[in-house]
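Inspection log for the structure reproduced underneath, given as structure tokens.
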Amino acid sequence: MHKNTFVQGALILTVAGIIVKFIGAFSRIYLSRLLGGEGIGLYQMAYPIYLLCLAVSSAGLPVAISIMVAEKNAVHDYLGGQRVFRISLMVLTATGLFFSALLYFGAGWLIDSGIVRDPRAYWSLLALSPAILMATILATLRGYFQGLQNMTPTAVSQIVEQLFRVVIMIGLAVVLLPYGLEYGAAGATFGAAPGAFVGILVLLYFYYKNRSWRKEMMAARDRSIIPDSTGRIIKRLLILALPVSLANIMLPIVSNIDLFIVPRRLEVAGFSVEEATTLFGYLTGMATALVNMPTIMTASLAASLVPVISEAVARNNPDVIYHRTGLAMRMANLITVPSFIGMCVIATPISAMLYATPEAGPCIAVMSFGVFLLGVQQVTTGVLQGMGKTAIPFINMVASACVKILLSWNLTALPSLGVLGAAWATNADFGVAALLNLYFLHKYMKYKLDLVHTLRCFVSAGAMGAAVVGTYAAVYPLLHSNTLATLLAICAGIVVYGLAVIMTHTVRAEDVESVPKIGGRLAAGIRRLDIFGKKEK
């Protein structure tokens, strides 16, 4: 069976994540035009209920399964790894079926109780109920393959699932819309179930394809290992998965902090209701969306880290844990630091290009710092989860959310800050969680952030930022086109940053050697271009 390297696995998931995001953005634009604001509203009323059910049903299990499968395989307990997968599949099929039935039969109660305000959303709730079962089974299969450190099946299934989901949701929305807006919205929501089902078929294909590898591993297993009982496996799954599930539930809760606090405190600061709503849109609809884009890579790194770290822990190999953590942090910094600087220095032109609203620029500039902080948080969370310390990132997330609430409440009400106070509070949320994660990594494995490398990233990104600003200032008066000037400035920044990271030895040859296909050639080129004349050890 092909086992992806750590870096290759992260790149595979990153590419898949970008493709999935692109397909999702297309479908959202098309659906918005097809269904209009009212139809999208019905869609959005049902979807958060589905996500909550899915978070409770399965959100933490892929991480838990990944950890346990990696642990078992690391000590040649391949029978134990297969038992973890099969028991997890049975348990999660049962929980997925339970929550699917709960949503199906509870949809009427959600309407009658007023939790879902519009009765027309009933059909969308019914349409989403089978998707919980499908998505739960899909999560189990993905966790298994990630535990084997093979990210290709997960990536392929993500892309195929999204494609089928979008085709079916748009097709059903078009077919059912003439019967009423509520049926068109329900048709769109139903796409989640067949999409997940096709994703399951893709993963079952990979599972069947690897049957010969499983036979070889079973023959080579350590027969002296006594298999864990079913009860013990389920107990450890729950111990590992529960904090991750709670953390996933925390994500929408943290997002809703802004909804409950920011508009109210903006009014206290002297803004009208309409102005407060507009500023809130700049914060959550524009700035937050941009901050999350560069962290697709760091989220992929975190997912790839979990089984690698778990394997090293099972083999009692602290050097590998430390090395992989350092490599992941360096890779994250190489992406997040220039994203932060670039987004900050031309925030207003970017806002005008993407949203036709330059007024969102200051908010984007402030929140851009969150790209770097969120990247650190995601990578360190992946390491802690791989070490089996899944409760620590959740506790740190709760602590950082408390800081966010306190700062949002006080800073947003200051007329001199307004919505920028909420943006700084979000940065503090990411920063506190990242620092707490780093503290616990130091406590458990004596890990220290490579400050020299981080500084080199900022120096390289500073040169890039100067090039971006200079290019935009020179080109805009000539072309009188903000979009062209912004794109040319970004291209200039990429070139300058690429040269700067090599000249300052920010990119190490050892860091790129594991990049598939071209890693060896890149490493050789970096060694030749190293102006300090250092040789990699």
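What you are looking at is a predicted structure, and each value in this text was computed from that prediction instead of being measured.
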**Asked** So, for Met151 and Ala303, which heavy atoms are closest and what is the spacing to 0.1 Å?
**Response** CE-O, 4.0 Å
**Message:** Just so I know, are the side chains of Thr390 and Leu242 near enough to count as touching, which here means a heavy-atom distance under 4.5 Å?
**Reply:** no
**Fill in**
In terms of heavy-atom contacts, Ala155 and Ile12 come closest through CB-CG2, 3.3 Å
**Request:** Calculate, to the nearest 0.5 Å, the distance between atoms NZ and CE belonging to Lys448 and Met329 respectively.
**Result:** 15.5 Å
**Request:** Determine whether Leu133 and Ile137 make a side-chain contact, defined as any pair of heavy atoms from C-beta on separated by less than 4.5 Å.
**Result:** yes
**Item:** side-chain contact (heavy atoms from CB on, under 4.5 Å) assessment of Lys235 paired with Leu238
**Value:** CA-CA 5 Å; Lys235 179 181 178 181; Leu238 292 176; 6.0 Å; no
**Fill in**
In terms of heavy-atom contacts, Asn437 and Pro393 come closest through OD1-CA, 4.0 Å
**Message:** Heavy-atom count check: over 12 atoms from other residues, nucleotides or ligands less than 6.0 Å from Phe197 CZ?
**Reply:** no
**Asked** Taking everything shown except Phe440 itself, do over 12 heavy atoms lie less than 6.0 Å from its CZ?
**Response** yes
**Item:** Side-chain heavy atoms of Ile65 within contact of Leu92, under 4.5 Å
**Value:** yes
**Prompt:** Should Leu441 and Lys446 count as side-chain neighbours, where that means a heavy-atom distance under 4.5 Å?
**Reply:** no
**Asked** Are Lys389 and Tyr444 in a cation-pi contact, defined as NZ or CZ under 6.0 Å from the six-membered ring centre and within 45° of the axis?
**Response** yes
**Message:** Tell me whether Gln162 contacts the main-chain N or O of Val20 through its side chain, where contact means a donor paired with an acceptor under 3.5 Å.
**Reply:** yes
**Backbone N/O of Leu334 and side chain of Tyr497: donor-acceptor pair under 3.5 Å** = yes
What side-chain donor-acceptor pairs closer than 3.5 Å can you find for residues 201-209, not counting sequence neighbours?
| residue | atom | partner | partner atom | Å |
| --- | --- | --- | --- | --- |
| Tyr207 | OH | Gln82 | OE1 | 3.2 |

**Message:** Under 3.5 Å, is there a donor on one side chain and an acceptor on the other for Gln378 and Thr298?
**Reply:** yes
**Prompt:** Is there side-chain contact between Ser88 and Leu237, with heavy atoms separated by less than 4.5 Å?
**Reply:** yes
**Item:** Heavy-atom side-chain proximity of Met387 to Val383 below 4.5 angstrom
**Value:** yes
**Message:** Tell me whether Thr136 contacts the main-chain N or O of Gly96 through its side chain, where contact means a donor paired with an acceptor under 3.5 Å.
**Reply:** no
**Request:** Mark yes or no for whether Ser157, through its side chain, and Gly199, through its backbone, hold a donor-acceptor pair below 3.5 Å.
**Result:** no
**Message:** Taking Ala74's backbone N and O only, do any of them form a donor-acceptor pair with Arg315's side chain (distance below 3.5 Å, no angle check)?
**Reply:** yes
**Request:** Look at the aromatic rings of Phe340 and Phe458 and report parallel, tilted or perpendicular, splitting at 30° and 60°.
**Result:** perpendicular
**Asked** Is the side chain of Thr506 donor-acceptor paired with the backbone N or O of Ile502 at a distance under 3.5 Å, no angle test?
**Response** no
**Item:** Derivation of the side-chain contact (heavy atoms from CB on, under 4.5 Å) call for Phe85 and Leu148
**Value:** CA-CA 11 Å; Phe85 167 61; Leu148 299 178; over 6 Å; no
**Message:** In the structure I gave you, are the side-chain heavy atoms of Ser304 and Leu13 within less than 4.5 Å of one another anywhere?
**Reply:** yes
**Request:** Salt-bridge test for Asp228 and Arg236: reply yes if a basic N is under 4.0 Å from a carboxylate O, no otherwise.
**Result:** no
**Closest contact, heavy atoms only, Val69 versus Gly81** = CG2-O, 4.0 Å
**Complete:** What one should report as the nearest heavy-atom pair of Phe372 and Val337 is CD1-CG2, 3.7 Å
**Other residues, nucleotides, ligands: >12 heavy atoms within 6.0 Å of Arg232 CZ** = no
**Asked** Hey, are Ser129 and Ser100 close enough side-chain-wise for a donor-acceptor pair under 3.5 Å?
**Response** no
**Prompt:** Is a donor on one side and an acceptor on the other found under 3.5 Å between the side chain of Ser408 and the backbone of Ile405?
**Reply:** no
**Prompt:** What's the spacing between Leu406 CG and Lys404 NZ if we round to 0.5 Å?
**Reply:** 12.5 Å
**Prompt:** Does the pair Tyr439 and Leu435 meet the rule for a side-chain contact (heavy atoms from CB on, under 4.5 Å), with working shown?
**Reply:** CA-CA 6 Å; Tyr439 166 77; Leu435 287 173; over 6 Å; no
**Item:** Separation of Thr154 OG1 from Gln158 CD (nearest 0.5 Å)
**Value:** 6.5 Å
**Message:** Going by side-chain contact (heavy atoms from CB on, under 4.5 Å), Asn292 matches just one of Thr288, Leu290, Ile296. Which one?
**Reply:** Thr288
**Prompt:** Atom CZ in Phe99, atom CD1 in Ile132: separation rounded to 0.5 Å?
**Reply:** 8.0 Å
**Message:** If I take atom CE from residue Met445 and atom CG from residue Leu384, how far apart are they, to the nearest 0.5 angstrom?
**Reply:** 9.0 Å
**Message:** Using 0.5 Å steps for rounding, measure from the CZ atom of Arg86 to the OG1 atom of Thr140.
**Reply:** 14.5 Å
**Prompt:** Okay, side chain of Ser310, backbone of Glu71: is any donor-acceptor separation there less than 3.5 Å?
**Reply:** no
**Prompt:** With the threshold set at 4.0 Å, does a side-chain nitrogen-carboxylate oxygen contact exist between Arg324 and Glu311?
**Reply:** no
**Asked** Do Thr189 and Met169 come close enough that some side-chain heavy atom pair is under 4.5 Å?
**Response** no
**Prompt:** Within the distance-only criterion (no hydrogens, no angle test), does the side chain of Asp429 pair as donor or acceptor with the backbone N or O of Val403 below 3.5 angstrom?
**Reply:** no
**Prompt:** So, for Arg456 and His505, which heavy atoms are closest and what is the spacing to 0.1 Å?
**Reply:** NH1-O, 3.5 Å
**Request:** Before giving the answer on side-chain contact (heavy atoms from CB on, under 4.5 Å), spell out for Trp424 and Val366 the whole-Å C-alpha distance, their side-chain angles and the decisive distance to 0.1 Å.
**Result:** CA-CA 7 Å; Trp424 281 117; Val366 171; 3.5 Å; yes
